> 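I have a structure I would like to understand better, so I am pasting it below and will then ask my questions one at a time.
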Amino acid sequence: MTVAQDVIAEVTNLLTNMSGISEESWQTTLSVAQAVSTEHRRLSMFSSDGLLLPQSRKIGQRLETCRFNGSVQQTMVDCEVQYIPILKTLEYILSNSVFSSEIAVTGSSDNIMRSFSDGARYKQMPIWSLSGLPIQIKLYQDDIEVANPLGANSGIYKLTMYYFTIMNIPQHYHSLLSHHHLVCVAMASDIKAIGHNCVTDFIVDELSLLERGLVLNNVNVFGTLVALSGDNLGLNSIIGLVESFSAIHYCRFCMLPKSLCQQNTSCVVANQARRTEEQHKQHAAERDIRATGVTRSCALDKLQHFKAVASFTPDIMHDILEGVAKLELSLILEKLINRKVLCLNSINQYIDTFDYGYADVRNQPRLLSIHNGKVAIKQSASGMWCLFRSLPVMIGESIPESSEEWDLLGLLAEITGLAFRPTHTLASTKYLDYLVEEHHTLFLKLFPNNPLTPKQHNLCHYGEAIRLNGPLTQFSAMRSEAKHQLAKITSGLTCNFRNISLTVARKYQLVAFAEWRQNKIFPENKMEHTKLDKVTSVTFNGRRFAVGCVVISEKEAYQLSQITTEDDGEPVLTGVKLHANWDPQTLAYTISDSNPAAHKKMNSSSFSDYPHPLCIWKTTSGRRCIVPKYKVTLNNTGGQYKY
């Protein structure tokens, strides 16, 4: 018997022996207990209330070794994936009228790019002229290891996960995992043998209906796939490109050969060699892998309004945080250590004792090490982002002003700040192109024995990608990868890997069902009080602003001194204006002084330019500074941005 059955049996026996309970009440209680007495009955009850259970769909067959009557035999077994229909998911989530009202119908009207609807590709797609509720879909794919990656079963139970996200919802919704919806769970070995098209064919069948328009919950809806997200290898596999970055034509954005990608510093040259829809179709027919890098056609190209090779959506998490930033920071620190400017022990001491503040304490980076004479940086993406922002504050004052290596880090910091920026203008994308060219030129000068890596080459396409699709943050895989944690926890707790894809898919759907039923789909807004009922912090859209933190409002920095409430309960934040100046040594805005007389009262709408709290960091000499997560221009700071 299961634990649930044991509990039900105990409750039944207890109620049977109770006196004073009416027969009618007893029968009602018993019927309720019987309705949830087995897993099948519980799932049936939830399904009648909206739970979408995964569907097992056959995608092929594989040869499997098994033991039968004491002898080992090989037999053909079906390969199945666990699929959750996209249209069914859309129908369920659009039944929430509050959420459906948040879906944006049009883009911005002030020439500022805030979303996909403000990019050139959106304006070139005739589908958005239809009447009804538009649905812009992003598809994410990744492989995850749910068993011990260092154990004997490593790779055997690896899963391929597919999620989709509605793009045209408020940006702060994208950080909530409840808005990353499961599409499919499959065994990675099956996908590797059969190919991604076996899954994307299911997706195409559904999205083709969405492209023509249909009625869901009495609402006319239409839409299509607008973007693909994931790591570079996975996206190459889906699109039908070579799955090796040692190949001649490995770039999914352009046709430049590897030899040119390793030396080219021009964004113009890279973008002039962009892959086109017609070209990719011809290459797929020819299948000359050495000459084109194309291995097959992509099933997603069957959609009328989407072509995979033209989607042009790089991933800043994999390219920068897990690629370029790690590589270049390692090379720069190696040079500085060899010159006796720094030592590894002092760097690690700074990392270990640095006060990151409440906003970044969860992302505190790990200590560095030396491996084969090179600085080894083993960080998660969030840890790397924190290290990249905080390390210049820790050690910047020790670096000579004439250091070209530090100039290189400064260029990369500017590129990263622009890449993570949630709003752009045409001028800012042109400036990004300029920075990438300057950065690549200086990198090849300082490290002539290190050709540009594929992820460094991807930076050449960032400016064009923003002009086509809007800000790159909306395509980041950072939050989608956080969704994997549930699969890993589920696998570890069940300790049963038989049909693990079904177990994981069912758990995902149960959690999603609970979140949407309990309305846990909107960013959190709350206030925290002390015992004396004094407000210490307030949460806007899931971001916690506490007394003492720094906020940016209308291009000015303020340190919160007090949080009060209006008569209607609306929180009011009072901040003291700070004077901040850009310091190229610490790559931060250093706070020179504050003006206690210059107060400003703010509310939740005051932080539209930079909706993140900042903690004050201190350099080794004690100077106070702030480092935004992306680049913002403060008034009268002498900052480095000229657009």
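What you see is a predicted model, and the numbers here were worked out from it, not measured in a lab. What's counted below: heavy atoms across the whole structure, side chains too, no hydrogens, waters or symmetry copies.
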> Would Ser428 and His424 satisfy side-chain hydrogen bond (donor to acceptor under 3.5 Å, both in side chains), going step by step from the backbone distance to the final call?
CA-CA 6 Å; Ser428 68; His424 276 279; 2.8 Å; yes

> When you measure from the centre of the six-membered ring of Phe253, is the NZ or CZ of Arg275 under 6.0 Å away and within 45° of the axis?
no

> Check His181, His179, His484, His174 against Tyr163 for a ring-ring contact (aromatic ring centres under 6.0 Å, His included) and give me the one that passes.
His484

> Apply the test ring-ring contact (aromatic ring centres under 6.0 Å, His included) to residues Phe475 and Phe116: give CA-CA distance (whole Å), side-chain angles for both, the deciding distance (0.1 Å), then the verdict.
CA-CA 10 Å; Phe475 309 112; Phe116 174 79; 7.1 Å; no

> Any donor-acceptor pair under 3.5 Å linking the side chain of Lys138 with the backbone of Gln474?
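It does hold such a pair.
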
> Just by distance, with hydrogens left out, do Tyr140 and Asp142 show a side-chain donor and acceptor under 3.5 Å apart?
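Asp142 and Tyr140 do have a side-chain donor-acceptor pair below 3.5 Å.
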
> So, Arg467 and Thr429: side-chain donor and acceptor under 3.5 Å apart, yes or no?
yes

> Would you call the rings of Tyr356 and Trp617 parallel, tilted or perpendicular, where under 30° means parallel and over 60° means perpendicular?
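Perpendicular.
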
> Output the distance between atom OH (Tyr589) and atom CD1 (Ile552), rounded to the nearest 0.5 Å.
7.5 Å

> Measure from NZ or CZ of Lys335 to the centre of the six-membered ring of Phe447 and say whether it is under 6.0 Å with the direction within 45° of the ring axis.
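Verdict for Phe447: a cation-pi partner in Lys335.
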
> Taking Thr313 for the side chain and Leu228 for the main chain, is one N or O donor matched with an acceptor at less than 3.5 Å?
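Confirmed, Thr313 side chain pairs with Leu228 backbone.
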
> Does the side chain of His180 come under 3.5 Å of the side chain of Ser480 through a donor N or O and an acceptor N or O?
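Distance-only check passes for His180 and Ser480.
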
> Within the side chain of Asn348, is there an N or O that forms a donor-acceptor pair under 3.5 Å with the backbone of Leu368?
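Between the backbone of Leu368 and the side chain of Asn348 there is a qualifying donor-acceptor contact (under 3.5 Å).
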
> Do His461 and Asn458 have a side chain donor and acceptor closer than 3.5 Å?
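Judged by distance alone, the side chains do not pair up.
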
> Using distance alone, with no hydrogens and no angle criterion, decide if Glu328 and Gln456 have a side-chain donor and acceptor under 3.5 Å apart.
yes

> Look at the side chain of Ser244 and the backbone N and O of Ser246, then say whether any donor-acceptor pair between them is shorter than 3.5 Å.
yes

> With salt bridge (Lys or Arg N to Asp or Glu O under 4.0 Å) as the criterion, how do Arg623 and Glu397 come out once you've worked through the C-alpha distance, each side chain's angles and the decisive distance to 0.1 Å?
CA-CA 10 Å; Arg623 289 191 300 163; Glu397 294 177 330; 3.0 Å; yes

> Any salt bridge linking Arg339 with Glu405? Criterion: basic side-chain nitrogen under 4.0 Å from a carboxylate oxygen.
yes

> Do the side chains of Glu145 and Lys488 get close enough for a salt bridge, i.e. N-O under 4.0 angstrom?
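Judged by the 4.0 Å cut-off on N to carboxylate O distance, Glu145 and Lys488 do not form a salt bridge.
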
> Using only heavy-atom distances, determine whether the side chains of Glu481 and His318 contain a donor-acceptor pair under 3.5 Å.
yes

> Output yes when a side-chain donor or acceptor of Asp319 lies under 3.5 Å from a complementary backbone atom of Pro314, and no otherwise.
no

> Please step through ring-ring contact (aromatic ring centres under 6.0 Å, His included) for the pair Tyr162 and Phe164, ending with a clear verdict.
CA-CA 7 Å; Tyr162 298 81; Phe164 85 88; over 10 Å; no

> Check this for me: does any side-chain nitrogen of one of Lys445 and Glu404 sit under 4.0 Å from a carboxylate oxygen of the other?
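So Lys445 pairs with Glu404 through a salt bridge.
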
